[in-house]
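Below: one structure, written as structure tokens.
All residue numbers in this chain count up from 1 along the given sequence.
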Amino acid sequence: NDNEVGRGFTVLDGISSTPASISSSSSGEQNYYSFGGFEGGNIAYFPGPALNATNLEGVNMTLAENMAQTADVVVLCIGEGTYAEKPGDIQDLTLPQGQADFVAQLTLVGTPIVLVMIEGRPLLIHSAVEAAAAVVNAYVPGPMGGLAVAQVLSGMSSPSGRLPFTYPSFAGNIPYH
């Protein structure tokens with residue numbers, strides 16, 4: 001029952017859950033929010049492309065690139081939305097083009113990128129991983145997942161484990177068992 005779960009935490013919620021002053025600004029059509037208090041730093045949020053976007057239409061890349069240039073590190077959360085069983089079936093394991101283009105564009109800025117993968121299956125992400133300084137695989141993290149990811153990113157938690165699957169390099173080399 002969804003009512004039993006209550007409100008969940010996004011990664012941004014988790015990062016900003018430390019005591020912080022919240023201010024909001026807007027530039028053009030995109031809004032972003034800055035949070036102070038994460039290890040004394042400043043955290044700025046920029047909404048990227050929609051999960052299934054095929055391009056960067058509607059994304060203010062000038063603002064995103066400017067924000068990335070002034071950052072010490074860029075945390076990019078990419079992957080898939082929530083799903084269960086049959087509705088989650090897909091025909092292509094490639095990261096949606098809009099997300100891949102977003103990663104590629106922000107890579108050109110030169111700021112280190114930490115890639116947070118929100119996914120329930122291995123996606124073909126080799127170009128995004130090559131661009132990243134670090135990768136956190138959050139799987140489909142559930143309602144408290146944002147707080148858990150923020151604790152990993154801040155160093156409050158050091159997860160360990162083994163991947164329950166092999167990441168494919170190409171769609172044609174996925175073993176069937």
Side-chain angles (χ1 to χ4, degrees), residues 8-15 29-32 43-69 71-153 159 161-177:
F9 283 87
T10 65
V11 173
L12 181 62
D13 290 334
I15 289 172
E29 296 177 7
Q30 297 290 337
N31 292 323
Y32 66 92
I43 297 177
Y45 166 74
F46 180 85
L51 289 175
N52 294 319
T54 57
N55 57 43
L56 293 175
E57 185 177 321
V59 177
N60 185 342
M61 285 308 297
T62 302
L63 178 59
E65 291 166 355
N66 289 341
M67 290 175 73
Q69 285 174 343
D72 293 328
V73 65
V74 173
V75 176
L76 282 178
C77 297
I78 62 171
E80 2 179 43
T82 58
Y83 61 88
E85 300 177 15
K86 195 67 178 162
D89 287 357
I90 57 175
Q91 300 298 317
D92 185 5
L93 292 176
T94 306
L95 188 66
Q97 193 61 48
Q99 292 185 51
D101 291 347
F102 191 65
V103 173
Q105 287 288 98
L106 290 182
T107 299
L108 298 175
V109 173
T111 303
I113 293 175
V114 174
L115 203 57
V116 177
M117 295 300 305
I118 310 289
E119 60 186 354
R121 67 191 117 229
L123 297 175
L124 300 177
I125 56 171
H126 49 282
S127 62
V129 169
E130 291 170 5
V135 178
V136 175
N137 191 345
Y139 297 101
V140 181
M144 297 301 289
L147 187 57
V149 170
Q151 289 173 343
V152 169
L153 294 175
R162 295 175 187 250
L163 284 175
F165 47 77
T166 300
Y167 255 87
S169 296
F170 306 98
N173 69 351
I174 300 171
Y176 294 99
H177 298 283

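Here CG of Leu76 is found 5.5 Å from CG of Leu106. Values are rounded to the nearest 0.5 Å. Distance OG1/Thr94 to CG/Leu124: 4.5 Å, rounded to 0.5 Å.
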Output a table of donor-acceptor pairs, distance under 3.5 Å, between side-chain atoms of residues 125-135 and any protein atom two or more places apart or on a different chain; print 'none' if there are none.
none

For a quick test of your reading: what N or O donor-acceptor pairs under 3.5 Å do the side chains of residues 110-117 make, sequence neighbours left out?
unit_1: Thr111; atom_1: OG1; unit_2: Ala68; atom_2: O; d: 2.7

Below 3.5 Å, can you tabulate the donor-acceptor pairs from side chains in residues 138-148 to any protein atom, sequence neighbours excluded?
none

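A search for side chain to side chain contact (heavy atoms under 4.5 Å, CB included) contacts involving Thr62 returns Asn60, Asn66, not counting sequence neighbours. Considering only residues two or more places apart in sequence or on other chains, Asp72 meets the side-chain hydrogen bond (donor to acceptor under 3.5 Å, both in side chains) condition with none of them.
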Practice item. Please test Leu123 against Arg121 for side chain to side chain contact (heavy atoms under 4.5 Å, CB included), starting from the C-alpha separation and ending with a verdict. Key: CA-CA 6 Å; Leu123 297 175; Arg121 67 191 117 229; 4.1 Å; yes
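Between Pro49 and Phe102 the shortest heavy-atom distance is CD-CG, 3.5 Å.
Under the side-chain hydrogen bond (donor to acceptor under 3.5 Å, both in side chains) criterion, the residue pairs touching residues 95-105 are Glu65-Gln105, Gln97-Asp101, with sequence neighbours excluded.
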